[in-house]
Amino acid sequence: MELMKAAVFRGPGIVQIEERKKPIARAGQAVIRITTTTICGTDVHIVKGEYPVKPGLILGHEPVGIIDSLGEGLEDEYFVGQRVIAGAITPCGQCFYCLNSAHSQCHGPLGGWRFGNTIDGAWAEYLLVPDARANLAPIPEGITDEEVVLVPDIFSTGLSGVESGRVRVGDSVAVFAQGPIGLCATLGAKLRGAALIIGVDSVPARLEMAKRFGANVVINYREHDPVAEIKKLTDGRGADVTIEALGQQATFESALRATRPGGTLSSLGVYSGKVAAPYDAFYAGLGDQTIVTTLCPGGKERMRRLMAMVATRRIDLTPLVTHHFGLDDIEEALDLFSSQRDGVMKVALKPARAVEMPRVAAAVGAAD
Ligand SMILES: [Zn+2]
Ligand SMILES: [Zn+2]
């Protein structure tokens, strides 16, 4: 029995490095050796005990790696040693929800989100990928791990905010919160051809990044009322599309107030407790507004499309990868990420085995 190192959730506030059995791929499954993964805001919710998962679970849902072994039935499409990613959401492609185009809700509410939620995740040396034929996406030639590590979740989710909001050429779009997902929504608005893109946050570094990612206007909500400012910028109407990328009542409400009659509020945040729509912001329910929610789209075709944008240099997500840690330093990485210290946006996490090969190569080079 082979063992591997993994970062395991042991209850609120506790994530520890443990030795676990290396997974074995059965028919239709694959095992990948993780070379890079990352921490998501959702993982922080889990660790804080705000989103329940089973103690003993390996967390993490953003895998970049190399195929280590393949279960039966995959040999014609994949090979051992192939560099791949899998989406944070791994739909089966065959159930009621998948065949009704609700892939992220595979088998039931939120069911497509399996890694680090209902099955072991990517914070480990190896990861078992279920329904591999639907979910393993080869990384294009010449692309680094850092260039694609935000594709499985952050970019897919951020972009889905503008896709679900049906942003059209010439639209005005306001994105509430400019964390990694909000920034990817900002970038997505630019890709979809929005004319006016407004980024709202309070952290100056994030507002700067918002400009870099496509915002033509940024609003620091501690200095200005974002709803009033957005109305001023849109002839008093409100934005065509607003995107909520935080998951709090206050941002939801501001986004709704800033959505013009007939416009769309596209919500990406993860909420807890109750979310209320006040009478006036909701035009008493008669404003023809659309409110949509989206859970990160996954599956290999989605991943292929997003990585094509990376490969053709239409997008560059690397400015968001601000810090690097070994998987062994998960506690330190979690602490930094959750406290948002030192300008952290996203951290790249590398299991020890991920750096074995370069180390050997360096040693050989030195001997020469
Ligand atoms: Zn996530
Ligand atoms: Zn399904």
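All ligand and atom numbering here is 1-based and tracks the order in the structure.
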Do R302 and S156 get their side chains close enough for a donor-acceptor pair, meaning under 3.5 Å?
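There is such a pair between these side chains.
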Can you see whether T242 engages T259 through a side-chain donor-acceptor pair at a distance of less than 3.5 angstrom?
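A donor-acceptor contact under 3.5 Å links the two side chains.
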E208: partners by side chain to side chain contact (heavy atoms under 4.5 Å, CB included), with sequence neighbours left out:
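Scan of E208 (side chain to side chain contact (heavy atoms under 4.5 Å, CB included), adjacent residues dropped) gives K211.
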Keeping the roles fixed (side chain from [X], backbone from [Y]), state whether a donor-acceptor pair exists under 3.5 Å.
| X | Y | answer |
| --- | --- | --- |
| N117 | V53 | no |
| S160 | C296 | no |
| E125 | K5 | yes |

Using a distance threshold of 2.8 Å, state whether an N, O or S atom of E62 lies below it from the Zn ion (ligand 1).
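For E62, the answer is no, given that no N, O or S atom comes within less than 2.8 Å of the Zn ion (ligand 1).
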Closer than 2.8 Å to the Zn ion (ligand 1): does that hold for any N, O or S atom in C296?
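Checking C296: none of its N, O or S atoms is under 2.8 Å.
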Counting only heavy atoms from other residues, nucleotides and ligands, does the tally under 6.0 Å from CZ of R314 exceed 12?
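It does not: R314 CZ has 12 such atoms or fewer within range.
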Rounded to 10 degrees, what angle sits at the Zn ion (ligand 1) between C40 SG and D153 OD2?
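The SG/OD2 angle about the Zn ion (ligand 1) sits at 120°.
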Determine how many protein N/O/S atoms sit closer than 2.8 Å to the Zn ion (ligand 2), leaving waters out since they are not shown.
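Of the protein's nitrogen, oxygen and sulfur atoms, 4 lie under 2.8 Å from the Zn ion (ligand 2).
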